[in-house]
Amino acid sequence: MGLEGKETPSFMRDFLDKCGGCAVIDGGFATELERHGADLNDELWSAKCLISSPHLVRRVHLDYLDAGANIILTASYQATIQGFEAKGFSREEGETMLRRSVEIAREAREIYYDRCTKDSSDFMRDERYRKRPILIAASVGSYGAYLADGSEYVGDYGDAVTVQTLKDFHRERVKILVEAGADLIAFETIPNKLEAQAYAELLEEEGIETPAWFSFSCKDESNVVSGDSIFECASIADSCRQVVAVGVNCTAPRFIHGLISFIKKATSKPVLVYPNSGETYIAESNQWVKSSGAAEHDFVSYIGKWRDAGASLFGGCCRTTPNTIRGVAEATYGKLKDKCI
């Protein structure tokens with residue numbers, strides 16, 4: 001149930017129309033892998049499971065599909081050629097694991113569709129769930145994610161890192177993920193304007209036609225974590241032909257409404273939001289701590305407000321679970337009679 005042959009500019013709107021106006025993105029990946037027994041204390045983080053536990057990766061994808069997700073993201077957020085080589089793998093092995101991240105997600109979609117044709121539960125009898133379109137989004141984490149030092153949470157790469165540095169870093173990974181058959185590229189947790197510009201130039205230089213979304217990590221209602229304004233960052237995304245949606249992720253729920261307003265001023269492209277649970281990540285201790293604002297159990301209550309503000313794709317990021325996404329799906333599909341885009 002893909003959208004083969006669609007022109008890039010209309011790709012996401014056509015997909016949203018097929019979904020009924022709004023769509024659901026999956027939730028936190030590493031948290032679920034750990035819940036299933038994976039040890040992610042490694043520079044590769046969730047990408048480690050592409051090597052050690054591909055069956056767990058597939059299982060988490062299926063958990064989110066069962067919860068109602070329309071878009072599942074591959075386990076490639078922290079998967080880079082450079083990162084695999086640093087762990088002693090050959091370049092060819094690194095490329096194979098990147099491709100495998102897409103293949104596992106595609107396998108999960110096929111398993112899910114096959115299961116839907118056989119399952120007679122009340123959930124599966126609901127046509128909105130059983131026949132819904134599902135996209136595979138190849139996750140591309142920021143340069144800071146590769147550094148594995150929390151840089152993606154502050155966006156400070158130092159003066160030595162330029163747009164060219166970032167293009168050279170991401171180029172091969174993006175090409176491999178595209179060639180592996182992802183439906184779209186999810187550039188996630190973008191921490192600064194510099195990396196957004198690098199992504200936009202890279203897509204154009206390589207002539208990549210696979211649609212993409214740009215999703216920024218933000219520290220308040222108007223700025224990404226580096227201090228660059230979300231309006232300026234969203235404007236870069238708006239100017240890029242291949243970008244079909246713009247939004248925020250890995251951001252506290254309490255900031256989302258204001259951020260949607262600024263993004264809507266910069267672009268008419270669909271807006272996506274998949275915040276974290278409301279906790280704060282402390283890079284020094286590699287821990288999440290409670291912070292003021294909405295936590296996961298309050299998360300779903302914001303969907304209607306965000307939809308009214310202009311967002312049309314909803315999901316979760318760090319520390320959210322299939323239960324979170326099930327609630328998001330129920331809130332979203334229960335409101336399909338309302339116009340989302």
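Reckoned from all heavy atoms, side chains included, excluding hydrogens, waters and symmetry mates. Because the structure is a prediction, the values reported are computed rather than measured.
- Linking ILVMFWY side-chain heavy atoms closer than 4.5 Å, directly or via other members, places L177 and I104 in a single hydrophobic cluster.
- Among V225, V246, N192, the one residue that satisfies the side chain to side chain contact (heavy atoms under 4.5 Å, CB included) test with F216 is V246.
- Side-chain contact check for I134 versus Y113: some heavy-atom pair is nearer than 4.5 Å.
- Side chains of D149 and S151: a donor-acceptor N/O pair is present below 3.5 angstrom, by distance only.
- The salt bridge (charged side-chain N to carboxylate O under 4.0 Å, His left out) check on K175 picks up E172, E206, with sequence neighbours excluded.
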Test side chain to side chain donor-acceptor pair (under 3.5 Å) on S142 and E152; report intermediate values, then the result. CA-CA 6 Å; S142 68; E152 75 263 45; 5.1 Å; no
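- Under the ring pair (Phe, Tyr, Trp, His ring centres under 6.0 Å) criterion, Y274 pairs with W213, sequence neighbours left out.
- A continuous path of Ile, Leu, Val, Met, Phe, Trp and Tyr side chains, each step under 4.5 Å between heavy atoms, connects V178 with V140, placing both in one hydrophobic cluster.
- Evaluation of the salt bridge (charged side-chain N to carboxylate O under 4.0 Å, His left out) rule for E205 yields K167, R171 as partners, not counting sequence neighbours.
- A search for side chain to side chain contact (heavy atoms under 4.5 Å, CB included) contacts involving A23 returns F15, L16, C19, N70, L313, not counting sequence neighbours.
- Side-chain contact between W306 and P253 is present, with heavy atoms from C-beta onward closer than 4.5 Å.
- Remark: T165 pairs with V161, T162 by the side chain to side chain contact (heavy atoms under 4.5 Å, CB included) rule, at least two apart or across chains.
- For R100, the side chain to side chain donor-acceptor pair (under 3.5 Å) test picks out E103, E107, with sequence neighbours left out.
- Legend: residues meeting side chain to side chain donor-acceptor pair (under 3.5 Å) with D238, ordered by chain and number and at least two apart, are T267.
- A salt bridge links R91 and E95; the closest N-O separation between the charged side-chain nitrogens and carboxylate oxygens is under 4.0 Å.
- Take Q242 and apply the side chain to side chain donor-acceptor pair (under 3.5 Å) test, not counting sequence neighbours, and it matches no residue.
- The CG atom of N249 lies 10.5 Å from the OG1 atom of T320; values are rounded to the nearest 0.5 Å.
- The distance from the CG atom of L202 to the CZ atom of R173 is 10.5 Å, given to the nearest 0.5 Å.
- Scored by the side chain to side chain donor-acceptor pair (under 3.5 Å) test, S229 finds no partners at all (sequence neighbours excluded).
- Remark: aromatic rings of F262 and F231 are distant, center separation not under 6.0 Å.
- In this structure, the side chains of L184 and F11 come closer than 4.5 Å at one or more pairs of heavy atoms.
- Both I325 and Y333 are part of a single hydrophobic cluster, where members link through side-chain heavy atoms under 4.5 Å apart.
- Taking the six-membered ring for Trp, F29 and H61 have ring centres closer than 6.0 Å.
- A salt bridge is defined here as a Lys NZ or Arg NE, NH1 or NH2 lying under 4.0 Å from an Asp or Glu carboxylate O, and R109 with D183 meets this definition.
- Partners of E179 according to the salt bridge (charged side-chain N to carboxylate O under 4.0 Å, His left out) rule, which considers only residues two or more places apart in sequence or in another chain, do not exist here.
- A distance of 8.0 Å separates CG of L272 from CD1 of I71, quoted to the nearest 0.5 Å.
- Checking Y64 against E32 by side-chain atom types alone, no donor-acceptor pair falls below 3.5 Å.
- The hydrophobic clustering, which links ILVMFWY residues whose side-chain heavy atoms are closer than 4.5 Å, places I190 and I236 apart.
- Side-chain contact check for F255 versus C218: every heavy-atom pair is 4.5 Å or farther apart.
- Between V328 and I303, the closest side-chain pair of non-hydrogen atoms falls below 4.5 Å.
- Within 6.0 Å of atom CG in D168, more than 12 heavy atoms from other residues, nucleotides or ligands are found, so the atom counts as buried in its surroundings.
- A search for ring pair (Phe, Tyr, Trp, His ring centres under 6.0 Å) contacts involving H170 returns Y199, not counting sequence neighbours.
- I230 has its side chain out of reach of N223: every pair of non-hydrogen atoms, C-beta onward, lies at least 4.5 Å apart.
- Between F169 and T80, the closest side-chain pair of non-hydrogen atoms falls below 4.5 Å.
- Interatomic distance, S90 OG to E85 CD, rounded to the nearest 0.5 Å: 8.0 Å.
- Linking Ile, Leu, Val, Met, Phe, Trp and Tyr whenever their side-chain heavy atoms come within less than 4.5 Å puts V163 and L166 in one cluster.
- Residues L203 and I185 have side chains in contact (heavy-atom distance under 4.5 Å, counting atoms from C-beta outward).
- With respect to R326 and D66, no salt bridge is recorded, no charged nitrogen being found less than 4.0 Å from a carboxylate O.
- A search for salt bridge (charged side-chain N to carboxylate O under 4.0 Å, His left out) contacts involving E204 returns nothing, not counting sequence neighbours.
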